[in-house]
Asks: 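Sharing a structure with you now.
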Amino acid sequence: MLIKPRTIPVKILVLSALLERLSANHPGRPLYEEELGKPIWGHRGEQSVDYYLDFLKTESCFILHGLKLSNNGHNFLIDTLVIFPEFTLIVEVKHWSGVLEVQERGDLVKWDGSVKRVYENPVQQAKHQQWQLESWLESRHLTLPPIEHLAVFTNSRLVLENTQYLSPKMIRSNCLLDYIYSLKRHYAASPPPLSNSDLKKVISRIKRNHIKDDFINSPLSQLGLSEDDLKLGVSCPVCQKFSMSRVKRTWYCASCGMSFQNAHIKALTDYVLLFGRYAQNKDLQKFLHIEDPRTVRRLLLTLKVSRKGITTNSQFDLLSSEVIKNEIDSLREDRKL
């Protein structure tokens, strides 16, 4: 049973929104395209694991993807947590490519030309996540079935050398089901440590404590950019050009002639991703290319955006709008990238 579906990381949404508004000849564009590729690559690897986990639908297990918890002031992330009545499995996913050399002590080395790059051992990562999860449970007087950990390579093109040193807890994704069923056989003789109802209560508690990715203030400035680097305005859903203007409560595209009533919702979503959830009226005037502050107020009122203060410097919380929040949640729904 899928308890927590996989969602697209906020970083992917931020960089995607940035590249939509960054000119093709901007000097930093290649760098941000490369930065976007990294989380997309990792997310695709995690998605590929789901193919095999789908075969567990008939099993009495619970699956949580992208679980983020806090333990003693430190957050830790588990790519996939699979909980059976008999055991629990932490799966650390790696979508690495190229040629990876496994050394005798378990180090993983990749050569990029003449440059030697050492990768962190993913089994040790998964083992550390196991320790953190056990500590998190203990501090709350909770328990799960015995916890195991595993690292999965999801890229079929990855070449592994010196596999005699490969940890048995380091496998390719097509071996995942075999590994899970071997654990089921191993724990078959042991009675489940929790009743089904108690297990569901613990899982519900874990899910409630999941930390959602927050929308930080001024992510654009943290990327070393400013508003001046962006194409401002509202993009046309048809031709994708930032050539829409607000006329008589409708958005008209000067490029293709199409009109839309709610084209500003996508632009406000971009604002949240690039600048954060809070904005002043004057900020939105400039970003949406609207001259009249009363027009901005009407748009925000229609979207039920809450406001803090009554002066011209008052702040609007864009994520207080269910419409904008749902738009971002829709973007985060797991899909093939």
Side-chain angles (χ1 to χ4, degrees), residues 8-33 35-37 39-40 215 218-305 316-319 321-333 335-337:
I8 294 176
V10 167
K11 185 176 181 179
I12 291 178
L13 302 188
V14 170
L15 289 169
S16 297
L18 168 64
L19 289 171
E20 284 181 13
R21 291 179 175 269
L22 207 60
S23 65
N25 58 1
H26 189 283
R29 188 175 184 89
L31 172 64
Y32 299 117
E33 288 176 342
E35 281 299 303
L36 175 60
I40 286 180
F215 295 91
S218 303
L220 191 67
S221 62
Q222 295 191 22
L223 292 169
L225 297 170
S226 71
E227 195 177 57
D228 295 334
D229 293 294
L230 303 180
K231 300 174 186 175
L232 303 183
V234 176
S235 64
C236 174
V238 175
C239 69
Q240 309 301 317
K241 294 183 179 179
F242 292 88
S243 54
M244 303 205 81
S245 57
R246 185 76 176 173
V247 182
K248 294 182 180 179
R249 303 194 177 190
T250 302
W251 292 97
Y252 288 94
C253 179
S255 179
C256 68
M258 297 297 291
S259 62
F260 301 89
Q261 288 205 333
N262 296 316
H264 56 281
I265 295 175
K266 169 65 168 60
L268 291 173
T269 300
D270 286 350
Y271 189 95
V272 172
L273 293 171
L274 296 172
F275 296 95
R277 63 189 296 167
Y278 300 103
Q280 294 181 2
N281 190 306
K282 61 183 179 181
D283 300 325
L284 298 178
Q285 280 181 254
K286 183 177 180 181
F287 191 77
L288 299 174
H289 281 172
I290 294 176
E291 294 183 0
D292 187 355
R294 292 172 298 179
T295 301
V296 173
R297 281 199 298 271
R298 281 197 299 268
L299 291 175
L300 298 179
L301 182 62
T302 302
L303 293 173
K304 297 181 179 179
V305 174
F316 293 92
D317 181 2
L318 298 176
L319 281 181
S321 166
E322 286 298 319
V323 175
I324 297 175
K325 189 176 178 182
N326 290 338
E327 181 75 10
I328 291 178
D329 287 343
S330 176
L331 291 174
R332 294 204 69 194
E333 288 180 2
R335 60 191 187 277
K336 294 299 179 184
L337 290 171

Asks: Say you draw a straight line from CG of Asn281 to CG of Leu300; how long is it, rounded to the nearest 0.5 Å?
Replies: 7.0 Å
Asks: Strictly distance-based, threshold 3.5 Å: is any side-chain N or O of Tyr271 a donor or acceptor partner for the main-chain N or O of Ala279?
Replies: no
Asks: Is there side-chain contact between Val296 and Phe316, with heavy atoms separated by less than 4.5 Å?
Replies: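 Val296 does not reach Phe316 side chain to side chain.
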Asks: Are any of the side-chain heavy atoms of Glu333 and Asp329 separated by less than 4.5 Å?
Replies: no
Asks: Taking only residues two or more places apart in sequence, or in another chain, which ones meet Asp228 in a salt bridge (charged side-chain N to carboxylate O under 4.0 Å, His left out)?
Replies: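 Asp228 satisfies salt bridge (charged side-chain N to carboxylate O under 4.0 Å, His left out) with no other residue.
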Asks: Write down the atom of Ile328, the atom of Leu319, and the distance for their closest heavy-atom approach.
Replies: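 Looking at all heavy atoms of both residues, the shortest contact is CD1-CD2, 3.8 Å.
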Asks: Could you walk me through whether Val10 and Arg332 satisfy the side-chain contact (heavy atoms from CB on, under 4.5 Å) test, starting with their C-alpha distance in whole Å, then the side-chain angles of each, then the deciding distance to 0.1 Å, before giving a yes or no?
Replies: CA-CA 8 Å; Val10 167; Arg332 294 204 69 194; 3.9 Å; yes
Asks: I need the single residue from Cys239, Ser235, Cys253, Cys256 that forms a side-chain contact (heavy atoms from CB on, under 4.5 Å) with Met244. Which is it?
Replies: Cys253
Asks: Report yes if the side chains of Val323 and Thr302 come closer than 4.5 Å at any heavy-atom pair, otherwise no.
Replies: no
Asks: Run the salt bridge (charged side-chain N to carboxylate O under 4.0 Å, His left out) test against Asp317 and tell me which residues pass, sequence neighbours left out.
Replies: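 If we apply the salt bridge (charged side-chain N to carboxylate O under 4.0 Å, His left out) test to Asp317, skipping adjacent residues, the hits are Arg277.
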Asks: Answer whether the closest heavy-atom distance between the side chains of Leu299 and Leu284 falls below 4.5 Å.
Replies: no
Asks: Which pair of non-hydrogen atoms, one from Gln285 and one from Pro293, has the smallest distance, and what is that distance?
Replies: OE1-CB, 3.5 Å
Asks: Might you point out which heavy atoms bring Gly28 and His26 nearest each other, and give the distance in Å?
Replies: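 Residues Gly28 and His26, closest heavy atoms: N-ND1, 2.9 Å.
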Asks: Mind checking what makes side-chain contact (heavy atoms from CB on, under 4.5 Å) contact with Glu227, not counting sequence neighbours?
Replies: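 For Glu227 the side-chain contact (heavy atoms from CB on, under 4.5 Å) partners, ignoring immediate neighbours, are Leu232, Phe275, Lys286, Phe287.
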Asks: Identify the heavy atoms of Leu288 and Ala267 that sit nearest to each other, and give their distance.
Replies: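 What the structure gives for the nearest pair is CD2-CB, 3.6 Å.
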Asks: Tell me, please, which residues at least two apart from Asp270 pass salt bridge (charged side-chain N to carboxylate O under 4.0 Å, His left out).
Replies: Arg21, Lys266
Asks: For the residue pair Leu220 and Leu273, establish whether any side-chain heavy-atom pair is separated by less than 4.5 Å.
Replies: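 A side-chain contact is absent here, since even the closest heavy-atom pair is not under 4.5 Å.
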Asks: Looking at residues at least two apart in the chain, or sitting in another chain, which of them share a salt bridge (charged side-chain N to carboxylate O under 4.0 Å, His left out) with Glu35?
Replies: Lys11, Lys38
Asks: Are any non-hydrogen side-chain atoms of Ile40 and Ile8 less than 4.5 angstrom apart?
Replies: no
Asks: Determine whether more than 12 heavy atoms belonging to other residues, nucleotides or ligands lie under 6.0 Å from atom NZ of Lys231.
Replies: yes
Asks: Going by the rule side-chain contact (heavy atoms from CB on, under 4.5 Å), which residues pair with Glu33 if we only count those two or more places apart in sequence or in a different chain?
Replies: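 With neighbours one apart ignored, the set is Leu19, Arg29.
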Asks: Considering residues at least two apart in sequence or located in another chain, which fulfil the side-chain contact (heavy atoms from CB on, under 4.5 Å) criterion with Gln280?
Replies: Lys282, Asp283, Asn313, Gln315
Asks: Who are the side-chain hydrogen bond (donor to acceptor under 3.5 Å, both in side chains) partners of Thr295, not counting sequence neighbours?
Replies: Arg298
Asks: Please report the interatomic distance CG(Asp229) to CG(Leu18), rounded to the nearest 0.5 Å.
Replies: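 That separation rounds to 8.5 Å.
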Asks: Taking only residues two or more places apart in sequence, or in another chain, which ones meet Ser16 in a side-chain contact (heavy atoms from CB on, under 4.5 Å)?
Replies: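 Expected list: Ile12, Leu36.
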Asks: How far does CG of Leu274 sit from OG of Ser226, to the nearest 0.5 angstrom?
Replies: 11.5 Å
Asks: Sequence neighbours left out, what pairs pass side chain to side chain donor-acceptor pair (under 3.5 Å) with at least one residue falling in residues 242-262?
Replies: Trp251-His264
Asks: Grab the two heavy atoms, one from Leu303 and one from Leu268, that are nearest each other, plus how far apart they are.
Replies: CD1-CD1, 3.5 Å
